[in-house]
Amino acid sequence: MTVKTTFRTTHAAALAIVVVCSAITARAAAEPTDAQAKARAQGLLSEGTTAYGRGDYAAALDKFTAAYKIFPSPKLWFNIGQANRDLGRPVDAVEAFDRFLRDAGDAPPETLAEARRSAAELKTKLGQIQVSCAVDGTEITVDGKQVGSTPLGEMLWTTPGRHQVAAQHAGYAPAIEDVLVTTGKIATVNIEVLPVDLRPANRTADGAIVGPDGAAAADQGAAPKPPLYRRTWFWVVAGVVIAAGAGAAIIIANSGDGGGGGASGVPATTLGAQRAF
Amino acid sequence: MLRHWRLPLVLALLAAAGACGDSGGGATPEEQSIVLITLNLEAGVPELRQVHVNAHLANPAMDNDLYFPTVPAGPIQSGATLALLIPVTRMGLLDLIIFGLDAGGTEVARGNGQTTIMVGDRVDYTISLSACGGPCN
């Protein structure tokens with residue numbers, strides 16, 4: 001099983017190299033002015049494939065990514081997907097395979113089939129997040145990784161567990177939502193961003209502070225409120241409460257002298273109890 | 001930091017708390033002796049509205065006159081009870097003379113007895129009142 005898988009992977013990698021090399025060569029031919037860059041991309045691809053072949057998936061991924069930056073052939077997504085998959089990054093791998101399937105439709109059927117198979121296998125271990133936001137153009141990040149701006153055309157593949165979805169838009173207060181993702185399920189997040197008025201508050205001739213719209217802004221730029229214990233009313237209320245408590249205690253204590261007793265240890269009497277001497 | 005006007009307030013609060021501690025004589029049940037007196041009204045005792053208790057402590061010699069209830073009320077029945085709350089600093093023999101007062105405030109019945117104060121504890125004592133046959137001398 002392992003031998004079969006290794007053979008299939010190696011075969012697919014070799015196939016991908018052929019595909020990508022041909023793509024790069026074709027594009028280089030079409031754009032001779034970029035010939036040097038294409039050559040560098042081909043070299044990086046070759047180095048990445050070598051690294052992948054010896055099991056150094058991290059180095060392979062670096063090479064493939066660098067090659068893509070130099071020459072963004074969509075067929076490189078297949079290599080990037082494989083490297084990510086074997087590095088244990090299923091989400092990145094799925095994204096790469098999906099981009100490959102979406103953008104590299106002219107790739108050989110075998111490579112496309114391998115990409116579909118790998119993506120499908122990986123997706124069985126993942127869940128999805130569907131993010132919606134009323135404000136278009138809001139930048140969405142999942143666990144700190146930028147995933148795009150709203151409206152997001154696709155749901156986001158992610159690993160099962162709790163994830164943090166953040167939204168950011170100029171002129172709006174950023175928002176963060178936690179979401180629990182379950183394998184094979186779609187978790188929906190409706191994230192709301194609220195506008196903030198960043199215009200400075202104005203001060204009128206008499207010194208009063210008004211908001212940007214001219215309305216009084218008592219709390220804009222106003223001096224911070226003093227702590228509770230620095231307020232007069234606090235001490236007045238505290239004094240009243242303590243005095244009332246003391247008075248109640250006195251009354252209760254004295255009530256024992258008038259009879260009744262019981263609770264205070266003084267026996268109940270019909271005529272009362274009084275202090276003597 | 002307290003402002004100058006708050007200092008008197010805080011002191012007042014502390015004083016109130018202190019007063020609370022001393023309120024009602026300040027004696028907790030464990031800090032006082034109790035003499036619980038049950039009145040036995042003998043036959044012929046007219047209707048009583050109040051009793052006058054004269055308590056005499058032998059050493060140091062002290063007298064205390066108390067009235068139960070503090071304001072004359074309904075007729076006092078035989079078996080009525082009253083309590084003397086005595087600080088634990090007082091001890092020894094306690095002589096009691098009890099007068100029964102009618103509706104006009106005249107002492108018309110009398111009884112007496114003697115007991116020993118049990119410091120910090122309670123003594124139950126019964127005193128019988130007998131009619132004086134008119135105002136007691």
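Atoms considered below: every heavy atom in the structure, side chains included; atoms not considered: hydrogens, waters and symmetry mates. Proteins come first, then strands; the chains are lettered A, B, ... in the order of their sequence lines, and each starts at number 1.
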| request: Could you look at B:Val51 and say if it's the side chain, the backbone, both or neither that has a heavy atom under 4.5 Å from chain A? | output: side chain
| request: Count the heavy-atom pairs under 4.5 Å between each of B:Pro87, B:Gly79, B:Ala73 and chain A, then report the option with the highest count. | output: B:Pro87
| Residue part contacting chain A, namely of B:Ile37, when any heavy atom lies under 4.5 Å | neither
| said: Working to the nearest 0.5 angstrom, can you tell me the gap between B:Asn54 CG and B:Asn112 CG? | reply: 10.5 Å
| request: Indicate, with yes or no, if the rings of A:Tyr68 and A:Trp77 have centres closer together than 6.0 Å. | output: yes
| At a heavy-atom separation under 4.5 Å, does B:Leu36 approach chain A through its side chain, its backbone, both, or neither? | side chain
| field | The single option from B:Asp65, B:Asn64, B:Asp63 passing side chain to side chain donor-acceptor pair (under 3.5 Å) against B:His56 | value | B:Asp63
| request: Supply the atom-to-atom distance B:Phe68 CZ to B:His52 NE2, rounded to the nearest 0.5 angstrom. | output: 10.0 Å
